[in-house]
Amino acid sequence: MGRDTIADIITSIRNADMNKKGTVRIASTNITENIVRILLREGFIENVRKHREDNKHFLVSTPRHRRNRKGTYRNILKRISRPGLRIYSNYQRIPRVLGGMGIVILSTSRGIMTDREARLKRIGGEILCYIW
């Protein structure tokens, strides 16, 4: 039985957000690095650094919290395509999350990208997750 690394990322970020943790430790792979880079660029994560421990690489990221410490920005991350059921879409039918306020992360033939980038490049792919 294989591991679903994308679901692990989403779950660890969601749990850190709910429990107001300062950092999240994620196993480093090419897919996780690309997804975390998108989350950083879109403003859902404050910073990311690569950490090495016993020949294993980890990404240590900090979720974005509110300044007044009363709560966090409730990032809703939802896994769509999973190992048992893959969901694909062409560029014309990529869903819009909250009317374009959220983002869709896609795995395309040209790498992992957001829904806006995929529409501009006119390519579709596997819908990995929704974030809003």
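One-based numbering along the sequence shown.
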According to a 4.5 Å side-chain heavy-atom criterion applied to Ile, Leu, Val, Met, Phe, Trp and Tyr, with indirect links allowed, do [X] and [Y] form part of one hydrophobic cluster?
X: I103; Y: I94; result: no
X: V60; Y: V36; result: no
X: V104; Y: W132; result: yes
X: I112; Y: F44; result: yes

What's the spacing between [X] [atom1] and [Y] [atom2] if we round to 0.5 Å?
X: C129; Y: I9; atom1: SG; atom2: CD1; value: 8.0 Å
X: R122; Y: Q92; atom1: CZ; atom2: CD; value: 7.0 Å
X: I87; Y: I80; atom1: CD1; atom2: CD1; value: 8.0 Å
X: E117; Y: T114; atom1: CD; atom2: OG1; value: 3.5 Å

Are more than 12 heavy atoms, taken from residues, nucleotides or ligands other than [X], located less than 6.0 Å from that residue's [atom1] atom?
X: R41; atom1: CZ; answer: yes
X: N30; atom1: CG; answer: no
X: I31; atom1: CD1; answer: no

Exercise: identify the closest heavy-atom pair between [X] and [Y]:
X: G22; Y: P63; value: O-CD, 3.6 Å
X: G125; Y: L106; value: O-CD2, 4.0 Å
X: N34; Y: R37; value: OD1-NH1, 2.9 Å
X: S12; Y: I26; value: OG-CG1, 4.0 Å

Would you say R25's side chain and A27's backbone share a donor-acceptor pair under 3.5 angstrom?
no

Within the side chain of R79, is there an N or O that forms a donor-acceptor pair under 3.5 Å with the backbone of L128?
yes

Residue list, salt bridge (charged side-chain N to carboxylate O under 4.0 Å, His left out) with R116, at least two apart or on another chain:
E42

Residues passing the salt bridge (charged side-chain N to carboxylate O under 4.0 Å, His left out) test with R86, sequence neighbours excluded, are E126

Side chains of [X] and [Y]: closer than 4.5 Å at any heavy-atom pair?
X: R52; Y: F58; answer: no
X: I45; Y: I13; answer: yes
X: E53; Y: H51; answer: yes
X: R96; Y: M101; answer: no
X: I131; Y: L39; answer: yes
X: I105; Y: I35; answer: yes
X: Y130; Y: P95; answer: yes
X: I123; Y: M113; answer: yes

Using a strict 4.0 Å threshold on nitrogen-to-oxygen distance, state whether D17 and R64 make a salt bridge.
no

D8/R3 ion pair, N-O < 4.0 Å
yes

Under a 3.5 Å threshold, yes or no: a donor from one side chain and an acceptor from the other, between R119 and Y91?
no

With sequence neighbours excluded, what pairs up with R93 under the side-chain contact (heavy atoms from CB on, under 4.5 Å) test?
S89, N90

